[in-house]
Every structure is written in structure tokens, then in C-alpha cells.
Student: 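Below is one structure. I have some questions about it.
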Amino acid sequence: MADVTLTLPDGSNRVFPAGVTAAAVAEDISKSLSKKAISATVNGAHWDLQWPITADAEIAIHTLKDDVQALELIRHDLAHIMARAVQDIWPDVKVTIGPVIKNGWYYDFDRADPFSPEDLGLIEKKMKEIIAARDPVRTEVWDRPRAIAHYKALGEPYKVELIDSIPGDEPLRMYWHGDWQDLCRGPHLQHTGQVPADAFKLMSVAGAYWRGDSTRPMLQRIYGVAFQNRDELKKYLNFLEEAEKRDHRRLGREMDLFHFQDEAPGMVFWHPDGWTIYRELEDYMRRQLTRDGYREIRTPQVVDRKLWEASGHWDKYRENMYITEIDEEHANEKRVNALKPMNCPCHVQVFNQGIKSYRDLPLRLAEFGSCHRYEAHGALHGLMRVRNFTQDDAHIFCTEDQIEAECAKFIDLLSRVYTDTGFGSFDIKLSTRPEVRVGSDEVWDKAEQALEKAILSIRNDYEVDPGEGAFYGPKLDFKLTDAIGREWQCGTFQADFNLPERLNANYIGTDGEKHRPVMLHRAVLGSFERFIGILIENYAGRMPFWIAPRQVVVASITSEADNYVREVVNALQGAGLRAEADLRNEKINFKVREHSVAKVPVILACGAREVDTRSVTVRRLGEKATSTETLDAIVNELGIAARAPDLV
RNA sequence: GCCGCAGUAGCUCAGUGGUAGAGCGCACCCUUGGUAAGGGUGAGGUCGGGAGUUCAAUCCUCCCCUGCGGCACCA
């Protein structure tokens with residue numbers, strides 16, 4: 001057999017007989033490396049130590065210190081170890097698939113009775129036994145008939161189906177962890193003992209559809225998380241705790257911002273402080289839109305089905321729409337209406353009033369449009385997913401040639417808004433033409449290129465999601481990253497060649513003929529509700545001063561200071577601040593604690609000393625130290641600090 | 001919509017086949033206290049809704065609603 005030349009990361013070459021395994025290469029390098037080795041990279045591919053190498057290659061041997069490969073393998077092997085543990089305990093459970101995901105893995109099982117939280121403890125214990133046994137991992141390539149016969153004999157129908165769906169030119173690989181066998185593309189560790197036994201945890205059980213298809217059986221999914229060592233696991237568990245502390249549903253209740261109740265599921269009851277945040281954000285957005293040449297409009301909530309039929313919503317979107325009928329006793333004619341789930345058809349109606357000229361384009365019509373959508377009840381989630389929400393929506397009517405400039409203008413607006421609201425960076429995703437679509441290829445070419453060019457004018461990295469565009473046009477989605485690294489999709493920019501056609505929008509061109517405008521659907525925040533939820537979680541309730549619903553509390557230390565406190569509050573309110581007095585018969589300790597817990601950014605305490613010197617003692621949220629300032633100085637200082645970022 | 005879990009005072013939660021309890025909060029009283037909880041007294045619940053089993057249901061059974069964790073969905 002011929003030899004192969006392997007090039008190591010340090011540039012040196014070693015020659016082996018063809019078919020050598022990465023394990024043998026590691027062994028050749030050093031005894032200790034061969035023990036520590038977990039996998040290899042061979043010509044860029046993640047490679048099992050047992051797989052043969054049949055051609056010259058660049059090779060690197062990995063140990064647990066190589067983050068990417070180590071995490072991949074630890075999690076992947078744990079998926080197998082968990083499945084083995086489950087079948088050890090309950091032999092009749094059917095196995096399906098168990099991929100690696102962010103922070104861990106899951107495995108889906110078919111089992112008559114769901115797993116209980118106590119079962120997780122049992123499984124975890126069994127997994128630790130398997131790890132302690134240091135069972136060797138072994139792999140073989142099987143041919144299809146053998147694999148299918150094997151799984152049929154075992155009564156594992158899901159595996160049979162999986163084999164059927166694997167492309168014919170791909171080898172079928174079997175893996176054994178000890179005696180337990182699973183179909184798997186690999187790679188895997190050398191033995192189960194290479195998994196750190198104290199750095200994983202089974203997290204939860206949940207139902208999940210087989211192959212993600214809601215018409216197929218519901219399986220039982222167990223989620224686990226795993227890291228390279230116990231500290232990393234701890235760090236992750238702390239992160240989860242941190243995320244829970246930031247939960248906007250909890251903070252919304254604690255800070256008295258909003259509530260939900262059974263009579264209106266998925267619809268927000270905004271309380272005064274929550275609504276203050278909302279209004280501050282809305283005022284800010286209105287200024288931004290005005291600055292960028294948008295005209296604000298307002299369109300009806302309840303609209304006859306005829307319009308929804310014309311727009312296509314009645315056909316494509318009806319199960320998400322609230323349908324209303326006028327009470328027949330009071331109406332001469334029975335009309336079927338729908339609460340608007342989107343603003344676009346109404347905006348076209350505004351555009352269609354009167355005759356539009358090319359001189360009117362681009363026409364930017366904005367609406368803080370309240371929409372109702374009947375979302376599946378399992379989808380509802382605090383402010384993040386609601387049934388009644390308000391979009392910072394706008395539709396830009398323009399020519400195809402104007403798409404690029406409008407897109408660039410939009411990205412500029414969006415960057416400003418995200419920066420001003422405290423989000424440093426955002427990612428862009430371009431979704432291109434789907435298989436089922438309207439419009440000619442030329443128009444799609446033009447639209448996709450326009451969006452692409454607009455992105456490239458501000459940055460050179462973006463993700464492309466081929467085929468994921470809307471049927472009416474390509475779109476950009478904007479995802480921002482919050483303070484603890486979570487991504488939220490908020491902004492969107494969509495080119496639409498369809499709706500103007502359906503709703504017969506047109507303008508008179510330079511040639512005196514009628515033309516179809518393109519319609520650009522776009523939103524920066526997405527919905528106010530959701531964006532405020534994200535803000536709350538991003539800031540853990542400690543809102544930036546300009547948007548904080550309660551900016552200043554002036555607290556009396558003794559009742560002697562009450563009148564002075566009132567004077568201070570008046571002065572602050574006069575400067576436009578949201579200030580309130582706390583004159584309650586409580587000690588200053590109590591007041592400081594309560595307002596700190598309520599995340600009021602500034603507490604001004606006033607006792608006899610302050611009254612005498614016409615000053616206040618300032619305590620800022622998150623700081624222990626206090627300072628004393630004159631009344632005039634603090635009013636001036638806080639007045640400046642309270643300006644919205646665009647008004648500084 | 002699907003799988004699982006849950007719903008008891010404003011909040012967090014305990015509890016029992018014989019119609020309920022704590023802490024915090026709230027009200028009132030005492031206390032005028034200098035930067036994260038001063039003390040006392042008191043009010044407050046049709047135990048998510050409906051039906052059933054039972055002498056008796058907050059507790060057991062069924063249906064529904066809502067919430068939570070996922071899945072599916074997310075123009």
C-alpha cells in the first residue's frame with residue numbers, strides 16, 4: 001500500500017502507510033498526546049481518531065484544550081451516553097436523534113410515558129457510571145441493507161427512517177459506546193472517560209415533534225448542557241440565573257410597568273410607569289422619523305374583509321386574524337370585518353388617494369400601527385410575543401431605482417436608533433428569493449442587488465439566507481445583541497412588488513404613463529411591546545435616565561424637611577424631570593432600600609442640613625457613595641442628563 | 001395548535017376529603033430616624049371556571065381557561 005505524507009501544524013512532515021488512523025499518528029508523536037487526544041482535523045474536516053487517512057493531508061491532533069472540538073465532542077458523546085443511559089434504565093424506549101446545540105445537546109426519545117424531573121436524576125446518575133467505566137468508543141462503516149435490517153430487528157423505526165433519508169453516497173457509520181450502538185456520522189471521543197463527569201447537567205424535558213413536523217408524533221426531548229470543566233458549567237448556570245433576574249415579566253410586575261390577565265390573553269395592560277417608557281420611546285421614534293422625511297398617518301383598526309381579500313390576507317393569513325361581525329340588530333347590512341393584522345393594505349389606501357406623480361416619490365408613510373394577530377396560545381410570551389402590538393411601521397413607495405438609496409437611509413436610521421437605545425452592534429441577514437414567488441427574475445435581481453449594495457455601503461459582513469425571502473420580495477432582518485449576549489431580531493426591511501399590484505397602486509411617471517411603485521415595508525423596533533421587553537432585559541430594569549419612568553425620588557429624612565422636599569420636587573418637575581416626593585413616615589434606610597429595589601436612578605435625600613444649606617444629598621442607583629450638591633446645581637445637572645440621546 | 005408542568009391573600013409560597021396559613025406588601029398607631037428593611041396592631045381569600053364522585057371537595061375525576069418550559073408557528 002502506498003504511503004501518505006501528513007503535515008503537522010508546526011510544518012513538519014511525517015510519512016505513514018495509507019489508511020493510518022489519526023490515533024496512530026498521535027501515538028507516533030508522543031505517548032502522552034495519544035492519551036490526551038480526542039480527535040483530529042484532517043484537511044479542515046473534524047476527524048475521528050479511528051478513521052483511516054488515505055491521502056496526503058494536513059493534520060492537527062486535538063485535546064480537551066481545543067475549545068471548539070472539545071465542546072463538540074463532549075456534547076456529542078454525552079448525547080450518546082445519555083441515550084445509552086436511558087435505554088439501560090428503560091429498554092423499551094425508542095431512540096431517534098440527538099444533536100449538539102448551543103451550550104449542550106438534546107436527544108429525542110419515543111416513550112409512552114413522559115420523563116419526570118426525577119427521571120433526570122436517575123439518568124444523570126447512570127451517565128456518570130458510564131463515564132466512570134471509561135468504555136471504549138468504536139466505529140464501523142456498514143452498508144445500508146445491514147443497517148436497516150439491524151434496526152428493524154431491534155424495533156427502532158426512527159433509525160430506519162433516518163437511514164432512508166441519508167444520501168446514498170454517504171457512508172453509514174455505526175458507533176459503540178461500550179456495548180451500546182447508535183447510528184452516527186461522528187466523530188467521537190476515544191472512550192467515555194474523556195467526558196468531564198462534573199461539567200454537564202440535564203436541564204429539562206419537553207415535547208418535540210419528530211423531524212420538527214407538527215403532523216408527526218410528539219417525542220420526549222431531554223436537554224442537557226455541557227462544558228469543558230466545572231467552572232464553565234457554573235458560569236453558564238450563573239448566566240441562566242442572571243437571565244432569570246432580568247426576565248421582563250418579573251421586572252414588569254416588580255416595577256409596576258404592566259400586567260396581563262385572563263380576559264385579554266396576549267394583550268398588555270400598561271401601567272403608568274410602563275406607559276411612560278412607551279411614550280418616551282414613541283416620542284423619540286417620532287423625532288427620528290420626522291428627521292428622515294417620513295409622514296405619520298393613522299389608519300383604522302377594523303376593516304372590511306373586502307380589503308383583506310384584495311390584499312391576499314383573507315387567503316393566506318386568516319387563521320391569524322380576529323374576525324368581527326356587526327351585531328345584526330343594529331346594522332342594516334351584515335358586514336364581516338377583521339381587526340388589522342398588518343398596516344400595509346391601509347397604507348396603500350392612503351397612497352391611492354388622489355393621483356401620485358413620480359415627483360411624490362419616495363413617499364414615506366409611517367404609522368405607529370396597532371395590530372391584532374391571533375397567535376397560537378403556546379407562542380405567547382410576556383411582551384415578546386403578544387396578540388396586540390404596535391409596530392413602528394412605515395411603507396416607502398418608490399421606484400425600483402430608489403430602493404438602494406432608501407435601504408441605505410433606513411440602515412442609517414436603524415443604526416442611530418440602536419446606538420441611542422444602548423445596543424452597540426447588530427447583525428444583518430439577507431433573505432433571497434424563495435421558490436414560490438411573484439415578479440420576474442429581472443426584478444428580483446434588481447431588488448436583491450439593491451439590498452446587498454446598501455448593506456455593503458456600511459459594512460462588509462452579513463449573512464445570506466437563500467430562499468428565505470417573502471413571496472413578494474427579498475428582505476433584510478436586523479438582529480441586535482443585548483448585554484448578556486442574546487440576539488433579538490427587531491428591524492426588518494422588505495421589498496414588495498406584489499401588494500402595489502394587488503391593490504392597484506400607481507403613479508404617473510415622467511413619460512406621462514401610469515407605473516407601479518415598489519413598496520418597502522420596514523420597521524426598526526419591530527413592535528414597541530417587544531422592544532420594551534428587550535430594553536428591560538438588556539438593562540435588567542435599570543433603564544437609562546432619559547427613559548426611566550421614575551427618574552428622581554426626593555426623600556425626606558425627617559418631617560421637618562417636608563416643605564423643602566416639595567420645593568425640590570417642584571424645581572425638578574419644572575426642569576422636565578419625572579420627580580416625586582417620598583414624605584412617608586419611614587427611616588431613610590427604608591426609603592433608600594425601597595427606591596433602589598424599584599430601580600429609581602437618583603435618590604435625593606433631604607434632612608435638616610439640606611434645608612439649612614438649600615442642598616440635596618445625591619445617591620445614584622448602584623453606587624453606595626453619596627454627595628451633596630446645591631439645589632440649583634442638581635436641577636441643572638439632572639435636567640441635562642434627562643435629555644434623550646438625540647436631543648443632547 | 002402539540003407534549004409536559006402549574007394555578008391557594010396584591011407578590012412569593014406552605015397546607016388539608018371536615019369551607020385555610022406564613023413572609024413581604026397594605027391600613028392604622030408609636031417612633032423624627034442620615035443612606036439597602038425600627039416596633040406594634042389590624043384588614044385582606046367563593047383556594048382559576050364549570051361539571052361529577054362524596055354525608056362533605058381547595059384537596060379526588062372529567063372538561064375548559066390562563067400561565068410556565070419546550071416543539072410547531074413568527075406576515
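What you are looking at is a predicted structure, and each value in this text was computed from that prediction instead of being measured. Order of the sequence lines fixes the chain letters, A, B, ..., with proteins taken first and strands second; residue numbering starts at 1 for each chain. We use all heavy atoms of the structure for the numbers below, so side chains are in, but hydrogens, waters and symmetry mates are not.
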Student: Taking any heavy-atom pair under 4.0 Å as a contact, classify A:F115: base, sugar-phosphate, or nothing.
Tutor: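 Since no nucleic acid heavy atom lies under 4.0 Å of A:F115, the category is nothing.
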Student: Evaluate the criterion side-chain hydrogen bond (donor to acceptor under 3.5 Å, both in side chains) for residue pair A:E367 and A:T299; output intermediate values, then yes/no.
Tutor: CA-CA 8 Å; A:E367 177 174 6; A:T299 62; 2.8 Å; yes
Student: To the nearest Å, how far apart are A:E375 CD and B:rC74 C1'?
Tutor: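 To the nearest whole Å, that distance equals 6 Å.
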Student: Please check the phosphate of B:rU12 (OP1 and OP2 only) for any side-chain N or O of A:R250 closer than 4.0 Å.
Tutor: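 No.
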Student: Can you check nucleotides 62-69 of chain B for protein contacts, nitrogen or oxygen pairs under 3.5 Å, and list what you find?
Tutor:
from, atom 1, to, atom 2, distance (Å)
B:rU66, O2', A:D262, OD1, 2.8
B:rC68, OP1, A:R249, NH1, 3.0
B:rG69, OP1, A:R249, NH1, 3.4
B:rG69, OP1, A:R249, NH2, 2.8
B:rG69, OP2, A:R249, NH1, 3.2
B:rG69, OP2, A:H381, ND1, 3.4

Student: Give A:G607 one of three labels, base, sugar-phosphate or nothing, depending on what nucleic acid heavy atoms sit under 4.0 Å from its own.
Tutor: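 Since a base atom lies under 4.0 Å of A:G607, the category is base.
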Student: Passes ring pair (Phe, Tyr, Trp, His ring centres under 6.0 Å), A:Y472 versus A:H521? Steps please.
Tutor: CA-CA 11 Å; A:Y472 49 74; A:H521 307 242; 5.3 Å; yes
Student: For RNA chain B, what residues of residues 609-618 of chain A have any heavy atom nearer than 4.0 Å?
Tutor: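 Of all residues in residues 609-618 of chain A, the ones placing a heavy atom under 4.0 Å from RNA chain B are A:R609, A:E610, A:T617.
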Student: Could you tell me the Watson-Crick or G-U partner of B:rC62, where both distances fall under 3.5 Å? Say none if there is no partner.
Tutor: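 Because both required distances fall under 3.5 Å, B:rC62 counts as paired with B:rG50.
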Student: If you assign each of A:A376 and A:R253 to its closest nucleotide in RNA chain B, which residue comes earlier from the 5' end?
Tutor: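 Its nucleotide being nearer the 5' end, the pick is A:A376.
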Student: Take atom C1' in B:rG23 and the same atom in B:rC29, then report the distance between them in whole Å.
Tutor: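 These two C1' atoms come out 22 Å apart once rounded.
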Student: For the rings on A:H259 and A:F269, is their centre-to-centre separation under 6.0 Å?
Tutor: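 Between A:H259 and A:F269, the centre distance is under 6.0 Å.
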Student: Categorize A:R221 for me: base, sugar-phosphate, or nothing, with a 4.0 angstrom heavy-atom threshold over every strand shown.
Tutor: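 Here A:R221 touches the backbone only, sparing every base.
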Student: Let me confirm one number: the CG-CD distance from A:L383 to A:E529, rounded to the nearest 0.5 Å.
Tutor: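 A:L383 atom CG to A:E529 atom CD measures 7.0 Å (nearest 0.5 Å).
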Student: Mind checking the P distance from B:rA43 to B:rA57? Whole angstroms is fine.
Tutor: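 Rounded to whole Å, the distance is 28 Å.
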Student: Please determine if A:E254 and A:K599 form a salt bridge, counting it only when a charged side-chain N lies under 4.0 Å from a carboxylate O.
Tutor: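 Answer for the salt bridge query: no.
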Student: Determine, using ring centers only, whether A:F227 and A:F200 are less than 6.0 Å apart.
Tutor: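 No: the rings miss the under 6.0 Å criterion.
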Student: With RNA chain B as reference, determine whether A:Y223 or A:I603 sits nearer its 5' end, using the nearest nucleotide of each.
Tutor: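 Mapping each residue to its closest nucleotide by heavy atoms, the 5'-most match is A:I603.
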Student: Using 4.0 Å as the upper bound for N to carboxylate O, is an ion pair formed by A:E586 and A:K591?
Tutor: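 Between A:E586 and A:K591 there is no salt bridge, as every charged N stays at least 4.0 Å from the carboxylate O atoms.
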Student: Just checking, any donor-acceptor pair under 3.5 angstrom between side chains of A:T492 and A:Q494?
Tutor: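 There is such a pair (donor and acceptor under 3.5 Å, judged by atom type) between the side chains of A:T492 and A:Q494.
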Student: Does A:R216 qualify as a cation-pi partner of A:Y209, given the criterion of NZ or CZ under 6.0 Å from the six-membered ring centre and within 45 degrees of its axis?
Tutor: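 Not satisfied by the 6.0 Å and 45° rule.
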Student: What distance, rounded to whole Å, do you find between the two C1' atoms, one in B:rG42 and one in B:rC3?
Tutor: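 Pairwise C1' distance, B:rG42 against B:rC3, rounds to 47 Å.
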Student: Please find the pair of heavy atoms, one from A:R614 and one from A:Y564, that lie closest to each other, and give the distance.
Tutor: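 Nearest pair, atom of A:R614 first, then A:Y564: C-OH, 3.0 Å.
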Student: Less than 3.5 Å between a donor and an acceptor, one on the side chain of A:R216 and one on the base of B:rA72, is that the case here?
Tutor: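 In this structure, the two groups form no donor-acceptor pair.
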Student: Check every atom of B:rC3, B:rC2, B:rC26 against the side chain of A:Y209 and return the nucleotide holding the closest atom.
Tutor: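 Nucleotide nearest to A:Y209's side chain: B:rC2.
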Student: Between A:Y564 (OH) and B:rG34 (P), how many Å, whole number?
Tutor: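 The answer, rounded to whole Å, is 19 Å.
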Student: Measuring centre to centre across the rings, with the benzene-like ring taken for any Trp, is A:W90 within less than 6.0 Å of A:F115?
Tutor: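 When the ring centroids of A:W90 and A:F115 are compared, they turn out to be within the sub-6.0 Å range.
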Student: Do A:T626 and B:rU35 have a side chain to base donor-acceptor pair shorter than 3.5 Å?
Tutor: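 There is none.
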Student: Atom CE of A:M218 to atom C1' of B:rG1: distance rounded to whole Å?
Tutor: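 Nearest whole value for this atom pair: 9 Å.
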Student: Atom CD of A:Q220 to atom P of B:rC3: distance rounded to whole Å?
Tutor: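 Distance check: A:Q220 CD to B:rC3 P gives 10 Å.
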Student: Among B:rC26, B:rG38, B:rC71, which nucleotide sits nearest the side chain of A:R584?
Tutor: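 The answer is B:rC26, which lies nearest to the side chain.
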Student: Identify whether any heavy atom of A:E244 sits under 4.0 Å from a base atom; if not, whether one sits that close to sugar-phosphate; answer base, sugar-phosphate or nothing.
Tutor: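 If one applies the 4.0 Å heavy-atom cut-off, A:E244 turns out to touch nothing in the nucleic acid.
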Student: Should B:rA9 form a Watson-Crick or G-U wobble pair with both distances under 3.5 Å, which nucleotide is its partner?
Tutor: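 Pair assignment: B:rA9 / none.
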Student: Kindly state which residues belonging to residues 302-323 of chain A come within less than 4.0 angstrom of RNA chain B, counting heavy atoms of the residue only, listed by number.
Tutor: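 Residues of residues 302-323 of chain A under 4.0 Å from RNA chain B: A:Y317.
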Student: Contact class for A:T558 (heavy atom, under 4.0 Å): base, sugar-phosphate, or nothing?
Tutor: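 Touches a base.
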Student: In whole Å, what separates the P atom of B:rC24 from that of B:rU41?
Tutor: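 The same atom, P, in both gives a distance of 12 Å.
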Student: Considering Watson-Crick and G-U wobble pairs with both distances under 3.5 Å, what does B:rG42 pair with?
Tutor: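 Pairing partner: B:rC26.
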Student: Could you state the CG-C1' distance from A:D119 to B:rG4, rounded to the nearest angstrom?
Tutor: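 Roughly 12 Å, once rounded to whole Å.
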Student: Where the side chain of A:F590 is defined as all heavy atoms beyond and including C-beta, which of B:rA36, B:rG1, B:rG25 is the nearest nucleotide?
Tutor: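 Nearest to the side-chain atoms of A:F590, counting from C-beta on, is B:rG25.
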Student: Using Watson-Crick or G-U wobble geometry with both distances under 3.5 Å, which nucleotide pairs with B:rA37?
Tutor: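 Partner of B:rA37: none.
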Student: Both distances below 3.5 Å, Watson-Crick or wobble geometry, any strand: find the nucleotide opposite B:rC68.
Tutor: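 Base-paired to B:rG4.
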Student: Which whole-number value in Å describes the distance from A:H259 NE2 to B:rG10 P?
Tutor: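 Going from A:H259 (NE2) to B:rG10 (P), I get 13 Å.
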Student: Looking only at side chains, do A:S165 and A:R211 share a donor and an acceptor under 3.5 Å apart?
Tutor: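 The answer is yes; a qualifying pair exists.
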Student: May I ask which nucleotide in the shown strands pairs with B:rC55, Watson-Crick or G-U wobble, both distances under 3.5 Å?
Tutor: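 Pair assignment: B:rC55 / B:rG18.
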Student: Rounded to whole angstrom units, what separation is found between the CD atom of A:E594 and the P atom of B:rC11?
Tutor: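 In whole Å, B:rC11 P lies 17 Å from A:E594 CD.
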Student: From the set B:rA72, B:rG38, B:rC71, return the single nucleotide nearest to any side-chain atom of A:N589.
Tutor: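 Closest of the options to the side chain of A:N589: B:rG38.
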Student: If we count only N and O atoms by modelled type, under 3.5 Å, do the side chains of A:W488 and A:D482 hold a donor and an acceptor together?
Tutor: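 Present: a donor and an acceptor within the cut-off.
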Student: Using the P atoms only, state how far B:rG39 lies from B:rG34, rounded to an integer number of Å.
Tutor: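 That atom pair is separated by 16 Å.
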Student: If you measure from the C1' atom in B:rC59 to the same atom in B:rA72, how many Å do you get, rounded?
Tutor: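 It works out to 35 Å between them.
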Student: Identify which one of A:Y418, A:F493, A:F410 satisfies the ring pair (Phe, Tyr, Trp, His ring centres under 6.0 Å) criterion when paired with A:F478.
Tutor: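 Single pass found, and it is A:F410.
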Student: Using atom P in both nucleotides, what's the gap between B:rU12 and B:rG7 to the nearest angstrom?
Tutor: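 About 12 Å, rounded to a whole number of Å.
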Student: B:rC71 P sits how many Å from A:W210 CH2, rounded?
Tutor: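 Those two atoms, CH2 and P, are 17 Å apart.
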Student: Do the side chains of A:E468 and A:K429 get close enough for a salt bridge, i.e. N-O under 4.0 angstrom?
Tutor: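 Judged by the 4.0 Å cut-off on N to carboxylate O distance, A:E468 and A:K429 do not form a salt bridge.
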Student: Write down the distance separating the P atoms in B:rA9 and B:rU58, rounded off to the nearest Å.
Tutor: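 Rounded to whole Å, the distance is 15 Å.
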Student: Using both distances under 3.5 Å as the test, list the Watson-Crick or G-U wobble partner of B:rC73, or none.
Tutor: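 Because no pair has both required distances under 3.5 Å, B:rC73 counts as unpaired.
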Student: With a non-hydrogen cut-off below 4.0 angstrom, is A:A608 in contact with a base, only sugar-phosphate, or nothing?
Tutor: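 Contact class for A:A608: base.
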Student: Indicate yes or no: does A:R246 engage A:E242 in a salt bridge with an N to O separation below 4.0 Å.
Tutor: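 A salt bridge is present here (some side-chain N lies under 4.0 Å from a carboxylate O).
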